[in-house]
There are 2 protein chains.
Amino acid sequence: MDKPPRPTKTEVFLNYKIWLSGLTGHGQVNAETFGLLEGIKRFGTLKAAADNIAMSYRKAWGAVTEAEEILGYPLLDKHRGGKDGGNSSLTPAAIKLLEAYQALQQQFDERVEAAYADFISKLNKT
Amino acid sequence: MDKPPRPTKTEVFLNYKIWLSGLTGHGQVNAETFGLLEGIKRFGTLKAAADNIAMSYRKAWGAVTEAEEILGYPLLDKHRGGKDGGNSSLTPAAIKLLEAYQALQQQFDERVEAAYADFISKLNKT
DNA sequence: TTTCGATATGTCAATCTTTGCATAACGAAA
DNA sequence: TTTCGTTATGCAAAGATTGACATATCGAAA
């Protein structure tokens, strides 16, 4: 498991980020927010979704609210009260949005991998 | 030039960002930094390159220095002194890096456009 | 040997974010 | 009708980022 005796080559990584925005450009619906939507789908409450990605409830609530403002339609059916305290679920529009985003995400992941390989090979050329 | 009488559809835009990082994940070589490299190639000084993209010299210098740390090799041949004050030029490695990045950038721009169209059409389906 | 403008860096204020804390409203079920 | 945990929000403290300012160094050309 020794390293081969070739010159130390600095490792460089290609990173990317995608997000949605509205006309104003203020605020964004990013991967974190979609992570919350995923969590709500799984766990049934915004609180649990926030805990799941180690985000404060305060911030999570703000992220979802901002996303709804940007998109112009509700993402969650929110219910408060009851012995269990309340719960949230994704609206049909949110489900569709999440699915479209996940497809996008996957396309990017694949694309980035290929682009990265191409990039590195170009750097090593001649 | 009146708007057609269909229901207001919220406009949503897809944004993306790509950047390079090292093992530590701290710091990044981003589009701004490549913009500086481009400017140096064109204008011959870091200062002019910074002015060109309305960035302070202080920040520009920091960005290039950070990039060199991340990559592990020099990007600029820097010269100070002389009646003209000094100048900078791209190292061969920086030229190759810049070209590889520009190709990457272009690939992404094209891809993103297609991905965006696909995304929107998915949202409008059913 | 003086000059001039670019390179090189520290620092501290201003600003923008994030986080934590507090407090209220809610309502189904026990 | 009491209870319990989630939704809902304001606000101040703490952090992180940015930007502006200041100041020093350098050396070819005049």
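We use all heavy atoms of the structure for the numbers below, so side chains are in, but hydrogens, waters and symmetry mates are not. Per chain, numbering begins at 1; letters A, B, ... match sequence-line order.
- The hydrophobic cluster containing A:W19 does not contain A:I53, counting ILVMFWY residues as joined when their side-chain heavy atoms lie under 4.5 angstrom apart, directly or transitively.
- Side-chain contact check for B:Q107 and A:R111: at least one donor-acceptor pair (N or O, by modelled atom type) lies under 3.5 Å.
- For the pair A:H26 NE2 and C:dC16 C1', the interatomic distance rounds to 14 Å; values are reported in whole Å.
- Under the 4.5 Å side-chain heavy-atom criterion for Ile, Leu, Val, Met, Phe, Trp and Tyr, B:F43 and B:I40 are members of distinct hydrophobic clusters.
- At a cut-off of 3.5 Å, with distance as the only test, no side-chain donor of A:Y116 or A:N15 sits close to an acceptor on the other residue.
- Checked by atom type, the side-chain pair A:N124/A:S121 shows no donor-acceptor distance below 3.5 Å.
- For A:F119, the ring-ring contact (aromatic ring centres under 6.0 Å, His included) criterion is met by no residue, not counting sequence neighbours.
- Looking at B:D51 and B:Y57, their side chains never bring a donor and an acceptor atom within 3.5 Å of each other.
- Taking every heavy atom of residues 51-88 of chain A and every atom of DNA chain C, pairs under 4.0 Å involve A:R58, A:K59, A:R80, A:G81, A:G82, A:K83, by number.
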Under 3.5 Å for both distances, Watson-Crick or G-U wobble, that's the pair rule; now give the dot-bracket for DNA chain C, with | marking pairs to another strand and [ ] for crossing ones.
||||||||||||||||||||||||||||||
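- Here the options are A:D77, A:L75, A:L97, A:L98, the test is side chain to side chain contact (heavy atoms under 4.5 Å, CB included), and the partner is A:L90; only A:L98 passes.
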